[in-house]
Amino acid sequence: MDIIGAILWPIKWVIELILVTFHTVFSAVIADPLGANAGVVWVLSIIGLVLVVRAALIPVFVKQIKSQRNMIVMQPELAKLQKKYKGKTDRESREKFAQEQMALYKKTGSNPLSSCLPLLLQMPIFGGLFLTLNDAQHDKAGSAGILTEELAKSFSSASLFGAKLSETFLSATSTSVQILAAVMVLVMTATQFITQRQIMAKNQNPDVQNSQYMQTQKIMLYIFPVIFMISGVSFPLGVMFYWLTSNFWTMGQQFLVIRNMPTPGSIAHRQREERLARKGKLSKAAPVEAVEEETPATTQRQQPAGKKRAKKKK
């Protein structure tokens, strides 16, 4: 076993356990699970794996959303800090800038790498799944011992729409594999772009639209889909089913978060306020405070009553 295999062994053990568990469940309800319907059973098992993994990552995603919102809120303060140290290249100024920047991140609870955290946490799972399916592709039992040789052969020969799940676009021996792989790569790229685009279009504050953070987000909007498109052609169809299902989960999850927890000042926030107002659920505290601020109470100073002076008798 190589170093990478040794590192990923615990992850492969969990992946094999989840896959085999779902395979056992779906095999009990689907006819001919090791024959004509083997591909359907394995795809459903992979989808089940996605649901388990993404459900486990919900706390991480919530933390990511909060950190992203804090990053947007802190952009005006960060812009002031950058302006303060603009043009100062001496060592002391750079150190002070770094210290104040880190203090600002800590104060607002922000993390510039938070947007990549769920993806980074899933990369070992992608690697473990890739190695598991690679073993199955060659009729080899899983190294963790849960995926037996019989199940490995079942996966190796399983197909969906005439395309083997163990093959890739580059190693395809049939046109059906290339067509299915190409369609899946395009859909994966589109879902990734839409997920990122809905953040840019609806969940950003116009005041920070030209900030450095938002410029970085715009670059990622186009870089990530390209990465998925390039790397997708080298992954087995089984891995791409995992990736595609995970993208759909992310897109739906992101839609719900933007709808119910929008960034203050964004288009999504205004739309949420309008929905709440139509339902009569909008808090009345804010408008009252606004009225009180706009129409401050005016008080007239009352003149003290003058005392009558006694007339002098002549």
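- The distance from atom CG of L165 to atom OG of S159, rounded to the nearest 0.5 Å, is 7.0 Å.
- Within 6.0 Å of the CD atom in E92, the count of heavy atoms belonging to other residues, nucleotides or ligands does not exceed 12.
- In this structure, T250 and R54 have side chains that are in contact, with non-hydrogen atoms separated by less than 4.5 Å.
- Within the structure, the salt bridge (charged side-chain N to carboxylate O under 4.0 Å, His left out) test picks out no pair touching residues 241-258 (sequence neighbours left out).
- Using a 4.5 Å cut-off on side-chain heavy atoms (C-beta onward), V187 and F248 make contact.
- For the atom pair CG of L51 and OG1 of T245, the computed distance is 8.0 Å after rounding to the nearest 0.5 Å.
- The OG1 atom of T24 sits 10.5 Å away from the CG atom of L19 when rounded to the nearest 0.5 Å.
- Note on ring orientation: taking the six-membered ring where Trp is involved, the planes of F235 and W243 are tilted (angle from 30° to 60°).
- Partners of E100 by salt bridge (charged side-chain N to carboxylate O under 4.0 Å, His left out), not counting sequence neighbours, listed by chain and number: K84.
- Listed for the T189 side chain is a donor-acceptor partner under 3.5 Å among the backbone atoms of V185.
- F241 meets the ring pair (Phe, Tyr, Trp, His ring centres under 6.0 Å) test with no other residue; sequence neighbours excluded.
- Looking at R272 and L276, their side chains come closer than 4.5 Å, going by heavy atoms from C-beta outward.
- By the 4.5 Å heavy-atom criterion applied to side chains, S234 and T168 are not counted as neighbours.
- Other members of the cluster containing I230 are V226, with ILVMFWY side chains joined at under 4.5 Å, either directly or via other members.
- The salt bridge (charged side-chain N to carboxylate O under 4.0 Å, His left out) analysis of residues 259-271, with sequence neighbours excluded, yields the pairs R270-E274.
- Rounding to the nearest 0.5 angstrom, the gap separating the NE2 atom in H23 from the CD1 atom in I30 is 9.0 Å.
- Evaluation of the ring-ring contact (aromatic ring centres under 6.0 Å, His included) test over residues 64-95, restricted to residues two or more places apart or in two chains, returns Y85-F97.
- Side-chain atoms of S246 never come within 3.5 Å of backbone atoms of Y242 as a donor-acceptor pair (strictly under, hydrogens ignored).
- One finds the NZ atom of K96 at 8.5 Å from the CG atom of D90 (value rounded to the nearest 0.5 Å).
- Expressed to the nearest 0.5 Å, how far CZ of F161 lies from CG of L180 amounts to 7.5 Å.
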